[in-house]
Amino acid sequence: MLSQHLVILPILIPLLAALLQLLPWGANPQFYRRIIGLVSCSVLLVVSALLLITSTEGAQVYALGSWQAPYGIVLVADRLSALMVLLTAVLALPVLIYACHGEDNLGSHFQALFQFQLVGIIGAFLTGDLFNLFVFFEILLISSYALLMHGGGKLKLRACLHYVLLNLTGSAIFLISLGVLYGITGTLNMADMAVKVAALTGDDATIARAGGILLLVVFGLKAALLPLYFWLPQAYAMTTGTVAALFAIMTKVGIYGILRVFTLIFGAGAGEAAMLGYDWLWWLGLATLAIGGIGVIGSRDLRLVISYLVVISVGTMLTTFSMGNERAISAVVYYLFHSTLVTGALFLLVDIMAKQRGKTASRIIKGRKLAQHALLGVLFLISAVTVIGMPPLSGFIGKLFILEAARTGAQVALLWPLVLFSSFLVMVALARAGSRMFWHTFEGKAAEDKSPAGQLVAVALLLSGAVLMTLFARPISAYTDAIAHDLMHPQSYISTVLHQSGGAHE
Amino acid sequence: METLYAVTVGVLTACSVFLILRGRSFPIVIGITMLSYAVNLFLFSSGRLAIDQLPLIGKSETYTDPLPQALVLTAIVIGFAMTAYAIILAVRVRGEIGSDEVNEPNHPDSEGSR
């Protein structure tokens, strides 16, 4: 009986946990809230793994309240959604373990906000309805507004104000695009809209294209594509390490939106609205890649460097996606998984380093020796090797897939130099940061406060993801190939959603 | 009626874009509020404009689309919450930083600090 409801469980578990955490828990509430949060994240991990296993047999459709698509709202767990949910769970557990060592006491209700954030992210991955996607976006945004302010401070305020104002405008644009698309197609269900958009001709198709481009703007804002990325470096660099690590998945929500909508609704089979925005994505993605490289080399703070690494990864993924072939999409999904885990690990690691360095924090200058110098140095080396894309770890394999996906001469001529040169800039920046912070230390006493073992374990867990992705690169790439095949051939998705036999539950 | 409606939405949107591009937080919040009004009106019209029609099938020959009304209701609720948060944040920024400028003014002493 429970297996029928498997699709909605990843949304319900964090939601219930958050509600429980809000209850008054007596004299020492944080203890109980931490336990609830950790249990919720562990259960989430198990459930999303189950979801991934069951979704290999085909997309699962869950009609909320048994209202069938296209009239009711459906949740759809196909391979891509299931993988994204699993990624969220894999990231959330170590980040929460890290946060439970004191950082959640910096502000009130961190634990509940964390769970609400998970509800929003997972809901956005699972929903099959565009307006429902908007609602889940708002859930994740409003908890992210509060999380971004976690811990307080003047510097955070301004970055948070930029973030909030930009995203409020983005939400308005999202609604306008939904209005345009609903006005033309008369539906909000993604699968149904894909059928309707493909049949449009003439002026109607033009209006649908306008709506589609507006959607691209919104997803581009979430993903931090070039003209819309300016909020990201400050916001990620100013906030606390845990929140930044959790936000490693936030830009991926935008990328998921683009992957889903621009293959399903505006993909190759969309009639007059086919391949909408792919040319824009190609040039803007390349420019994002270049700007990210410049940002990485120009930053004097390690947190800022990592924030620009997020920008680079977004540019890489969207450029690759815009090539629009199966190999490219498979490469994007592999790279997405890898880059989320490694940026999360880096944000946490820099947070540990900043705490042990004391006054100099994460600025790339000569500072005192760290308390756990050798251990942190090794962790930094591993994560740097992964994120640069040097052999043997997952970054190398991810970049190899991406370079291999470029087919035509123009693609190779533009993509290869930019990806390779930005990797080179990242290598220079990280090598400089590493040598300044680990080798050029002041003589004299090292810092004394060692970090709790749990925090180091959290970083190690995230990095072990990179190692596992290297060891199991073949089965994982087989899976991402299947995802890419699904996305390039959306007919099976559409028919599963629209012609499901009976209710997904009783 | 369609023309009047379209002009109203257009003027509201134009004014809100002007206000959002200002450099101080208060006009921006007002602009975002106006933009959400414009968006709500626009969403409402996406089910086509009809006067004196019930959103029920079978009661009369023609009917109006109930879905945009539900969408607008959701959008209003979310918009309210978001605007409230933006106002509180703007007030905090004004209180703690002492200026309602959205961007940091360029001081020569903060040059090259990042």
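Order of the sequence lines fixes the chain letters, A, B, ..., with proteins taken first and strands second; residue numbering starts at 1 for each chain.
- Side chain to side chain, Asp301(A) and Ser362(A) meet the donor-acceptor criterion of an N or O pair below 3.5 Å.
- Between chain A and the options Thr83(B), Asn40(B), Leu43(B), Thr13(B), heavy-atom pairs under 4.5 Å are most frequent for Leu43(B).
- Of the two parts of Ile364(A), neither the backbone nor the side chain holds a non-hydrogen atom closer than 4.5 Å to a non-hydrogen atom of chain B.
- No other option in Ile184(A), Leu141(A), Leu188(A), Leu157(A) has as many heavy-atom pairs under 4.5 Å with chain B as Leu157(A).
- With a 4.5 angstrom heavy-atom cutoff, Phe131(A) touches chain B only via side-chain atoms.
- Using a 30° and 60° split on the angle between ring planes, Phe174(A) and Phe134(A) fall in the perpendicular class, above 60°.
- Taking CG of Leu221(A) as the reference point, atom CG of Asn167(A) lies at 5.0 Å (rounded to 0.5 Å).
- Between Tyr85(B) atom OH and Ile142(A) atom CD1 the span is 8.0 Å, to the nearest 0.5 Å.
- Only the side chain of Thr74(B) comes within contact range of chain A, judged by heavy atoms closer than 4.5 Å.
- Taking both residues in full, the closest heavy atoms of Thr239(A) and Leu148(A) are given as OG1-O, 3.5 Å, listed atom of the first, atom of the second, then distance.
- The CZ atom of Arg48(B) sits 10.0 Å away from the CD atom of Glu2(B) when rounded to the nearest 0.5 Å.
- In terms of non-hydrogen atom pairs under 4.5 Å with chain B, the most contact-rich of Leu178(A), Val164(A), Ile173(A), Leu181(A) is Val164(A).
- The residue among Leu71(B), Leu67(B), Val102(B), Ile78(B) with the most heavy atom pairs within less than 4.5 Å of chain A is Leu71(B).
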